[in-house]
Amino acid sequence: MSVEHPKKLGFGLMRLPRKDDAIDVEQVKVMVDLFMEAGFTYFDTAWAYAGSEDAIRQALVERYPRESFTLATKNAAWINCKTREDALAQFETSLKQSGAGYFDYYLLHNLGESRTKWFEDFDLWTYFGEKKKEGMIRQLGFSFHSTPEELEEILTKHPEADFVQLQINYADWENPAIQSRGCYEVARKHGKKIVIMEPVKGGLLADPPEPVQKVLREADPHASFASWAVKFAADLEGVLVVLSGMSNIEQMQDNISYMKDFTGLSAEEKEVIDKAQEELNKIPLIPCTTCNYCAKVCPQEIGISGSFTAMNYLTLYGNKETALHQEGWLVGGHGRKRADECIQCGKCEEVCPQHIQIRDELVKVTERLIK
């Protein structure tokens, strides 16, 4: 039987510490020991996280009884898989690299948009359902980064999903580009257990905008900014575990300090997070709702909404590297052209429900982000 994990902190293994261009397994061992000693048991890796499954085999699987922890990994059928056999081979590779024997949680990795089709075409739900019957998988689910409408579609088609992994944090709760609340409510409606990823928004909420820092500092000068983000996610009903991608021992110690005995947010703490969200909402952003009507009429096939999401990242967090990463994924990664290829025809502005001055904003994206 898999262990239960009433403690809601999960160890995300995507951003493990590195040394000499390789994962620092010895530091990971220390982190694993601290995590297990504090009573936490959930570890999350993926076939696509280079070196992570092998590192957790050495740091965890070979050092602790198998029944003392739960391990999750993921299948990314949309990465370099030309045949069904290629996708199935990822499962066998994960078993070998992790040495786990079986997986407590197995996820179809990043369903949504064009990626969903790979799992359907290769009939992976059926295959992994059989693996579940064999005991090689204890719980079968998927991670997801798209719209509530698409999540509704997938959960209706696949009621056999035991859980869903969603990007949820206080900054994205009402963000029209992410729609955390909407996705959360769909998962709850379908009665699915929820695993939360990106509670600190890839580390951005560990260093939020100054007005937000001021609110959080005044409430508790000793608490890390990241702690507020993780606790917001852990306080939501129906949440199985909140993943934190920890990169060093200090982050592990901080997370353990406030999550070891966490039982929920107080009314006062909820008010603080409400104020933090209000401060975020005061920051002037491009009011794009990612409806993508503009994309349908753009003769250049510019990734308009992706460019605006990236620009909003830059405005909020002042982190150009992260903003460019977002732009690369949301624009180039979706087969769209960059903002600097706009020919200023104006067709997009004729159909924008938000009446955004799209051409002017694309010029700003080009000047501040691309050049």
Side-chain angles (χ1 to χ4, degrees), residues 1-4 10 13-14 42-49 52-53 56-57 61 66-67 69-167 183-184 186-197 238 240-241 243 334:
M1 289 291 291
S2 298
V3 295
E4 293 297 324
L13 305 170
M14 187 171 76
Y42 194 105
F43 296 82
D44 172 89
T45 183
W47 171 87
Y49 301 167
S52 176
E53 290 178 334
I56 206 60
R57 172 181 53 76
V61 178
R66 181 62 185 88
E67 67 278 5
F69 60 85
T70 52
L71 184 63
T73 196
K74 310 177 189 75
N75 182 291
W78 43 275
I79 298 180
N80 300 328
C81 290
K82 295 179 180 176
T83 66
R84 185 173 191 256
E85 287 65 37
D86 289 340
L88 302 186
Q90 287 188 19
F91 180 76
E92 298 303 326
T93 298
S94 291
L95 279 174
K96 183 178 179 181
Q97 289 181 156
S98 68
Y102 63 89
F103 296 113
D104 302 276
Y105 295 86
Y106 196 74
L107 297 90
L108 308 186
H109 196 169
N110 199 3
L111 266 66
E113 301 173 325
S114 61
R115 299 175 298 280
T116 302
K117 188 173 184 292
W118 293 92
F119 299 96
E120 299 294 343
D121 288 354
F122 292 154
D123 196 23
L124 296 187
W125 283 99
T126 300
Y127 180 81
F128 293 125
E130 290 299 318
K131 288 296 177 185
K132 185 180 174 185
K133 289 176 185 174
E134 294 170 14
M136 301 297 286
I137 294 169
R138 302 298 166 87
Q139 300 276 292
L140 179 62
F142 61 96
S143 60
F144 183 81
H145 282 279
S146 192
T147 65
E149 292 77 17
E150 195 169 0
L151 182 59
E152 174 72 41
E153 201 175 295
I154 293 171
L155 288 176
T156 299
K157 187 172 183 178
H158 293 289
E160 68 270 31
D162 297 305
F163 68 102
V164 60
Q165 185 163 306
L166 300 173
Q167 176 176 329
C183 289
Y184 168 78
V186 169
R188 290 288 290 159
K189 185 183 83 171
H190 283 266
K192 302 304 178 185
K193 290 177 283 190
I194 298 167
V195 174
I196 291 180
M197 58 183 161
L240 181 73
V241 69
L243 302 175
H334 286 67

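Atoms considered below: every heavy atom in the structure, side chains included; atoms not considered: hydrogens, waters and symmetry mates.
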Note, L13 side chain near F43 side chain (heavy atom, < 4.5 Å): yes
Y184: partners by ring-ring contact (aromatic ring centres under 6.0 Å, His included), with sequence neighbours left out: W173
Minimum heavy-atom distance between A46 and H109, given as atom pair plus value: CB-CE1, 4.0 Å
Heavy-atom pair with the smallest gap, counting every atom of F144 and C183: CE2-SG, 4.0 Å
CG on L108 to CD on Q165, rounded to 0.5 Å: 11.5 Å
Test item: F91 and F128 side chains (from C-beta on) under 4.5 Å apart, heavy atoms: yes
Contacts of type ring-ring contact (aromatic ring centres under 6.0 Å, His included), residue H334, not counting sequence neighbours: W329
Residue pairs, two or more places apart or on separate chains, that pass side-chain hydrogen bond (donor to acceptor under 3.5 Å, both in side chains) and touch residues 84-93: T83-D86
For S146 against G112, the heavy-atom pair lying closest together: CB-CA, 4.1 Å
Heavy-atom check, side chain of F142 versus side chain of F119, under 4.5 Å: no
Qualifying salt bridge (Lys or Arg N to Asp or Glu O under 4.0 Å) pairs with a residue from residues 149-166, counting only residues at least two apart or across chains: E120-K157, K132-D162, E152-K189
Side chain proximity check, L140 to F163, heavy atoms < 4.5 angstrom: no
Results of salt bridge (Lys or Arg N to Asp or Glu O under 4.0 Å) for R115 - residues two or more places apart only: E113
All salt bridge (Lys or Arg N to Asp or Glu O under 4.0 Å) counterparts of K117, not counting sequence neighbours: D121
Nearest-0.5 Å distance that lies between atom CD in Q139 and atom CG in L240: 8.0 Å
Residue list, ring-ring contact (aromatic ring centres under 6.0 Å, His included) with W118, at least two apart or on another chain: F122
Distance-only donor-acceptor check, side chains E53 and S94, under 3.5 Å: yes
Whether R57 side chain and G99 backbone form a donor-acceptor pair below 3.5 Å: no
Salt bridge (Lys or Arg N to Asp or Glu O under 4.0 Å) against K133, all qualifying residues, sequence neighbours excluded: E130
Test log, rule side chain to side chain contact (heavy atoms under 4.5 Å, CB included), inputs S52 and M14: CA-CA 7 Å; S52 176; M14 187 171 76; over 6 Å; no
Salt bridge (Lys or Arg N to Asp or Glu O under 4.0 Å) partners of D123, counting only residues at least two apart: none
Taking every non-hydrogen atom, the tightest pair across L151 and A187: CD2-N, 4.3 Å
Counterpart residues, side chain to side chain contact (heavy atoms under 4.5 Å, CB included), relative to A72 (two or more places apart): Y42, D44, Y105, L107
Interatomic distance, Y49 atom OH to I56 atom CD1 [nearest 0.5 angstrom]: 13.0 Å
Non-neighbouring partners of W125 that pass side-chain hydrogen bond (donor to acceptor under 3.5 Å, both in side chains), sequence neighbours left out: H158
Over-ring placement of R138 relative to Y106, 6.0 Å and 45° cut-offs: no
Contact summary for A77 and A87, nearest pair of heavy atoms: CB-CB, 4.0 Å
Backbone of T45 reached by a side-chain donor or acceptor of K74 within 3.5 Å: yes
L88 side, atom CG; N75 side, atom CG - distance, nearest 0.5 Å: 7.5 Å
Taking every non-hydrogen atom, the tightest pair across A161 and L155: CB-CD2, 4.3 Å
Backbone N/O of A100 and side chain of R66: donor-acceptor pair under 3.5 Å: yes
L71 side, atom CG; D104 side, atom CG - distance, nearest 0.5 Å: 6.5 Å
Min side-chain heavy-atom separation V195-V164 under 4.5 Å: no
Under the ring-ring contact (aromatic ring centres under 6.0 Å, His included) test, residues paired with H145 that sit two or more places apart: none
Spatial distance of atom CG (L124) from atom NZ (K131) [nearest 0.5 Å]: 12.5 Å
